[in-house]
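All figures in this text were calculated on a predicted structure; none of them were measured in a lab.
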Amino acid sequence: MNSKILFFMLGFIIFPGLSVAATCSQANLTRCLDSVCAINVSSNPSARCQYCGTSSAGTPPTKSGMRSLSLGQSAKYTLSEDELEDAPTDPGQRYAWATEQCIKKIDGCTPDDVSDTYDKLIEQSCKAAGINAQMAALRSEATKTVSKTSCDTDIRACLIDAKRCGPDFSACENDSDFNNFFSACSVEAKGCDEYISEIREDLIASRDTAIENADKLIANIVSAYQSAREKKLNEAKATCTDEAGLNACIKTVCSNNMPNKCEGAQKESETVAATALCQFYTTACNLLK
């Protein structure tokens, strides 16, 4: 065996670390990032969003000693509480800091690996944060005493949304569709029970007026198109008279295109040629009769 080949093969056996570049472990990378961005995630589903997503998700708990490693999670791949003292509090800066620390700790990982591995987890967490925020807002609204005007505004805005009746109520012309959407919007309007009946009557009246006006508008549009079409047709027919149509065309061709202007010795031949060029008037006018 060639000595160079033998030496190369021995290199793989004796120095295995030289043979293959380290591959990023997504599992270990996630453990590391979670130690920065998912503190107490089991009791706080919004943790990743709050710590490393967006400040609009709310401020995460700040009690000391609250972080504990999950059973079986190695400290080798996580950041300690002492290390976390240097972590920024701003979510965006904290994510960047976590990225920097974890690609140092986990061999073979790059910022792209962090993005591919962790962005979707932050997105899921932010969705959970949004749901929690909506629930909190609903609970808060439920405790308020609201006026009929406020209820009418909220239910109307809900009802004429493009996904429901639409601004022109065109999707609620049928009573059953209107009732279904109105019921859903009424449920969302907390504290409005005593006004629901009146608001429903007002909105039905608004719907009927909108649909009636829509029918009138359509009728007006159709009428306008008919008038415009008849006007164009009459104008076209008016050009079919000999003087306005064919003869005018022949005179124009003679004047602009014939060497002798259809006069003198060439009058007859040039006039015949001009007439042939203007024959489209005869064809078109026959179709309009």
Side-chain angles (χ1 to χ4, degrees), residues 17 20-144 150 153-154 157-158 161-164 184-185 188-190:
V20 181
T23 301
C24 179
S25 168
Q26 290 189 348
N28 292 337
L29 182 59
T30 301
R31 292 188 184 99
C32 182
L33 293 167
D34 272 351
S35 69
V36 183
C37 301
I39 298 172
N40 285 350
V41 68
S42 59
S43 60
N44 178 19
S46 305
R48 291 188 180 100
C49 188
Q50 291 175 337
Y51 281 106
C52 294
T54 172
S55 57
S56 64
T59 303
T62 56
K63 294 180 180 179
S64 60
M66 64 184 174
R67 186 171 71 88
S68 61
L69 296 176
S70 299
L71 186 62
Q73 182 169 313
S74 172
K76 177 182 178 181
Y77 302 117
T78 60
L79 297 175
S80 67
E81 289 194 31
D82 289 339
E83 290 175 302
L84 288 180
E85 291 180 0
D86 296 328
T89 56
D90 175 79
Q93 295 176 8
R94 190 180 183 93
Y95 192 15
W97 182 86
T99 298
E100 180 182 0
Q101 300 303 313
C102 289
I103 62 177
K104 291 178 183 178
K105 187 176 284 288
I106 312 299
D107 292 339
C109 293
T110 68
D112 286 340
D113 292 318
V114 173
S115 180
D116 293 342
T117 301
Y118 214 70
D119 282 2
K120 58 182 176 291
L121 297 178
I122 290 180
E123 182 181 354
Q124 292 169 359
S125 177
C126 287
K127 287 180 180 179
I131 293 172
N132 290 341
Q134 290 178 14
M135 293 301 294
L138 289 174
R139 285 193 295 269
S140 175
E141 289 297 323
T143 63
K144 294 180 180 179
S150 175
T153 299
D154 291 344
C158 172
D161 184 91
K163 296 179 180 179
R164 298 183 179 90
C185 291
E188 294 181 17
K190 302 299 181 182

Has [X] got a side-chain atom pairing as donor or acceptor with [Y]'s backbone, closer than 3.5 angstrom?
| X | Y | result |
| --- | --- | --- |
| S35 | T78 | no |
| R94 | V36 | yes |
| E83 | S80 | yes |
| D113 | T110 | yes |
| S125 | P45 | yes |
| S25 | N28 | yes |
| N40 | S43 | no |
| K120 | D116 | yes |

Over all atoms of both residues, closest heavy-atom pair of [X] and [Y]:
| X | Y | value |
| --- | --- | --- |
| L84 | W97 | CD2-CZ3, 4.1 Å |
| C37 | Y118 | CB-OH, 3.5 Å |
| I122 | C52 | CD1-O, 3.5 Å |
| P91 | S55 | CG-N, 3.6 Å |
| C185 | R164 | SG-CD, 3.7 Å |
| Y95 | S115 | OH-CA, 4.2 Å |

Separation between [atom1] of [X] and [atom2] of [Y], rounded to the nearest 0.5 Å:
| X | Y | atom1 | atom2 | value |
| --- | --- | --- | --- | --- |
| I103 | C109 | CD1 | SG | 8.5 Å |
| T117 | Q26 | OG1 | CD | 4.0 Å |
| T23 | I106 | OG1 | CD1 | 13.5 Å |
| R48 | E123 | CZ | CD | 13.0 Å |
| D107 | K105 | CG | NZ | 11.0 Å |

- request: Let me see the working for C24 and L29 under side-chain contact (heavy atoms from CB on, under 4.5 Å), right down to the final yes or no.
  value: CA-CA 8 Å; C24 179; L29 182 59; 4.0 Å; yes
query: Side chains of D34 and Y77: do they bring a donor and an acceptor to under 3.5 Å?
result: no
message: Side chains of N44 and Q50 only: does a donor on one sit below 3.5 Å from an acceptor on the other?
response: yes
- prompt: Under 2.5 Å between the SG atoms of C32 and C102?
  reply: yes
query: Would a 4.5 Å heavy-atom cut-off, applied to side chains only, mark P60 and I39 as touching?
result: no
